[in-house]
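Order of appearance sets the numbers: ligands from 1, and atoms from 1 within every ligand. Nothing fancy with the numbering, it's 1 onward along the sequence. Owing to the predicted nature of the structure, the values given are computational and were not obtained by experimental measurement.
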Amino acid sequence: MNDKVVRRTGRPRLDSGARERILAKIAKLDHAPAEEIEVATDALRDLLRSDPVTEAEPEPAAQIDTSDSDAGATAPDPSAPPSPSVHDSWTRLRQFSLDGTHLEGKLVITANRSDPAHGAFDVLRTRLVQALADKGWTRVAITSPTAGCGKSFTAVNLAITLSRYDSCRTVLLDFDMRRPGLARYFGVERAGSIGDYLRGFVPLEDHLIRPGPNNLHVGDRLAIGLNDRPEAYAAELLQQPETAAVMTHLERTLHPEVVLLDLPPALAQDDVIAARPHFDCVLMVVGGGMTTSDEIQEATRRIGEDKPVLGVVLNKADIEGDYAY
Ligand SMILES: Nc1ncnc2c1ncn2[C@@H]1O[C@H](COP(=O)(O)OP(=O)(O)O)[C@@H](O)[C@H]1O
Ligand SMILES: [Mg+2]
């Protein structure tokens, strides 16, 4: 195993009692409908089972996705082919190169799939796509109670595994505008300002990028909006009518089945509340050994009952550097 796995063994862990307490707390959240709770706890249990550190034989993703490379895997609903104009809009997006070594170094474990933990993201992808289709939703906020729990890690890995669904169009946007982090995961420099895109200063095809040809089987129906500079007034920007107009334009132009918004922590500042008009539901990333059940409850309360928590991802992120809000 590579050193990343060794490094993971040194992380603080939730013992099984703490995991059960968090699960029980989630199940008791006042305003989370029973249906969503079901998805949340199932997704969480799947992720726990596929932990490569604690399980000698991790739960294989093969139950859901048997192919070694699932490029072109069965799509959620291939019955609605994109119109030529949607196709043209996608082909106008600039392509960028994927570097497998860089991605592996950044723990993008879904890229080369050598770490068995990638199977957890396949499971999460399948559950998410089903839940979105059932509800008629597309826009998913990825947040956590506090910083460093692994929101961006989850967002990138989920986006890559979604890109392997042939007729699923996915958009991934870096909405953590005070601490933009997605560009580093992809190794993209001079990613541009997502603030300028949301203000309407930069057209969609000049800001969003898509993966170029690669041998990692990462699909090219993944549009990524990165950011290379902090926005001091992120909450205000998110509430501007221009931002809503740009998001509507994005959806009309690219017709995504899934839009992933990599958000800031829910308990830091009010950016997540300001972003509420832009998402339908939430994936809550919980940091093993970091997040308390009270923090989960408070984060969920702040987000509001009309934005259901569709899933809870128990991740085991390290806190590195001076990452702080
Ligand atoms: N499962 C994991 N195992 C090891 N390191 C992780 C894991 N998830 C995240 N990290 C690391 O933790 C740090 C914070 O993760 P990140 O996704 O950027 O957090 P967030 O976006 O929630 O602030 C990064 O250095 C990332 O590489
Ligand atoms: Mg982040």
**Q** Can you list the atoms of ligand 1 that are under 4.0 Å from a heavy atom of C149?
**A** 22 (O)

**Q** Cation-pi between R210 and F96: NZ/CZ under 6.0 Å from ring centre and within 45° of the ring axis?
**A**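 Judged by the rule (NZ or CZ under 6.0 Å from the ring centre, within 45° of its axis), R210 is not positioned above F96.
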
**Q** Is the closest side-chain donor-acceptor distance between N112 and S114 under 3.5 Å?
**A**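 The criterion, which ignores hydrogens and geometry beyond distance, is satisfied for S114 and N112.
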
**Q** Does any N or O atom in S144 lie less than 3.5 angstrom from one in ligand 1, N or O only?
**A**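 In this structure, S144 places no N or O atom under 3.5 Å from an N or O of ligand 1.
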
**Q** So, R302 and D270, do they make that salt bridge, N to O below 4.0 Å?
**A** no

**Q** Pull out every atom of ligand 1 sitting under 4.0 Å from any heavy atom of L107, numbered as shown with elements.
**A** 3 (N), 4 (C), 5 (N), 6 (C)

**Q** Between E242 and R199 (salt bridge meaning N to carboxylate O under 4.0 Å), is one present in this structure?
**A** no

**Q** Does ligand 1 come near enough to A147 that some N or O of the ligand is less than 3.5 Å from an N or O of the residue?
**A** no

**Q** Distance only, no hydrogens: is a donor on one side chain within 3.5 Å (strictly under) of an acceptor on the other, for H102 and R184?
**A**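 No, R184 and H102 have no side-chain donor paired with an acceptor closer than 3.5 Å.
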
**Q** Decide whether an N or O pair under 3.5 Å exists between N315 and ligand 1.
**A** yes

**Q** Could you say whether the N/O atoms of D262 and ligand 1 ever approach to under 3.5 Å?
**A** no

**Q** Could you work out, for atom 20 (P) of ligand 1, the closest of R179, R184, K151 by heavy-atom distance?
**A** K151

**Q** So that I can tick it off, tell me whether R139 and D280 are bridged by a salt bridge, with the cut-off set at under 4.0 angstrom between side-chain N and carboxylate O.
**A**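 Judged by the 4.0 Å cut-off on N to carboxylate O distance, D280 and R139 do form a salt bridge.
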
**Q** What atoms of ligand 1 come closer than 4.0 angstrom to any heavy atom of F153?
**A**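 Counting from 1, the qualifying ligand atoms are 1 (N), 8 (N), 9 (C), 17 (O).
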
